[in-house]
2 protein chains.
Amino acid sequence: MPTSAAPTTRSLDDDGLLRVLAEPLRERIVDLLADEELCVCHLTEELGVTQTLVSHHLRVLRDAGVVDTERHRYWTYYRLRPEALRPLAEHLTALARRRPARRRRPCG
Amino acid sequence: MPTSAAPTTRSLDDDGLLRVLAEPLRERIVDLLADEELCVCHLTEELGVTQTLVSHHLRVLRDAGVVDTERHRYWTYYRLRPEALRPLAEHLTALARRRPARRRRPCG
DNA sequence: AATGCATATGAATCTAGATTGATAAAGATC
DNA sequence: GATCTTTATCAATCTAGATTCATATGCATT
């Protein structure tokens, strides 16, 4: 049994959330949704890429639970789900707070 | 000018740190280095992959400043640099703490 | 119900980056 | 200095996933 006190999550990225966020357009989408809901047309314009591409990335984000949608008249609005980021944020914070390990596992 | 108060870092991943961490083997390496220094041979054994592959990933982590090395006799020990994770951890935490945005940018 | 608009989906291609294999480099030991 | 051990590097291949293009879908509006 390892001696470390278990952080909030067992592994740095149990559910692949890191991989979902680690894509330039998706990063930007998440940042854009940080303080307001936006529809696909807004995102398409802000990002300067095709609507199809935006929709594809939104699909990935939605499947990961990072964003949520709600339809209003013609438009589909996307909203950030901050809760979805919490476990990863906590785990990363736990790692960031460690003091540099001095212990060294012996070799050979 | 956007109305949001700027979080700790301007963008979620200014320096590509997310992309560096978003790789299964590198995630595991980071977790393994969380509480002790390990040399390449340890990592190779723990991960069950070839030494070459481990070295490649360690190179990526080192270039990103996530780990540090120190040579001792035959072996090269790797150490986590928690400071390197701090900006990302803080930005992610800031996002995770937001209350779901109710504001909606008007369309058309 | 017919038409129009915004968005979603599916298949095809393209690409960055992961993996592999062979070998070089750097320092330790004798 | 010769050899041994560990780790790094380089080029080649492979692969997951990003991008594109064509088209379908869902709901609004008339």
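Residue numbers begin at 1 in each chain, while the letters A, B, ... track the order of the sequences. When reading the values below, keep in mind they use all heavy atoms of this one structure, side chains included, and skip hydrogens, waters and symmetry mates.
You'll find the side chain of B/Leu95 stays beyond 4.5 Å of the side chain of A/Pro82, heavy atoms only. Side-chain contact check for B/Val54 versus B/Val49: some heavy-atom pair is nearer than 4.5 Å. Looking at heavy atoms from C-beta onward, B/Asp31 lies in side-chain contact with A/His91 at the 4.5 angstrom threshold.
Heavy-atom neighbours of A/Glu83 CD from other residues, nucleotides or ligands within 6.0 Å: above the threshold of 12. The environment of B/Arg105 atom CZ is dense: over 12 non-hydrogen atoms of other residues, nucleotides or ligands sit within 6.0 angstrom.
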Task: B/Glu36 vs A/Arg104, salt bridge (Lys or Arg N to Asp or Glu O under 4.0 Å): CA-CA, chis, key distance, verdict - done: CA-CA 6 Å; B/Glu36 60 180 337; A/Arg104 196 174 267 187; over 6 Å; no

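When heavy atoms are screened at a 4.0 angstrom cut-off, A/Tyr78 is found touching the sugar-phosphate backbone but no base atom.
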Task: Footprint string (nucleotides 17-30 of chain C, 5' to 3'): B base within contact, S backbone only, - free, heavy atoms under 4.0 Å - done: -SSBBB----BSS-

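DNA chain D contains the following stems of three or more consecutive Watson-Crick or G-U pairs, with both distances under 3.5 Å: C:1-30 with D:1-30.
Salt bridge annotation for B/Glu27-A/Arg19: present, with a cationic side-chain nitrogen under 4.0 angstrom from a carboxylate oxygen.
As a whole-Å value, the separation of B/Leu58 CG from D/dT6 C1' is 13 Å. Separating the OH atom of B/Tyr77 from the C1' atom of D/dT7 is a distance of 14 Å, rounded to the nearest angstrom. Residue B/Trp75 contributes atom CH2, which lies 13 Å from atom C1' of D/dT7 at whole-angstrom precision. Regarding B/Leu61, its CG atom lies at a distance of 12 Å from the P atom of D/dA8, rounded to whole Å. One interatomic measurement links the two molecules: CG of A/Leu43 to P of C/dA8, which rounds to 10 Å at whole-angstrom precision. Atom P of nucleotide D/dA8 and atom CG of B/Asp63 are separated by 12 Å, given to the nearest angstrom. Atom CG in A/Leu47 sits roughly 14 Å away from atom C1' in D/dT19 (whole-Å rounding). Here D/dT7 presents its P atom at 16 Å from CG of B/Asp68, a figure rounded to the nearest Å.
For the pair A/Arg86 (side chain) and B/Ala96 (backbone), a donor-acceptor distance under 3.5 Å is present.
Between the side chains of A/Thr76 and A/Thr69, not a single donor N or O lies within less than 3.5 Å of an accepting N or O.
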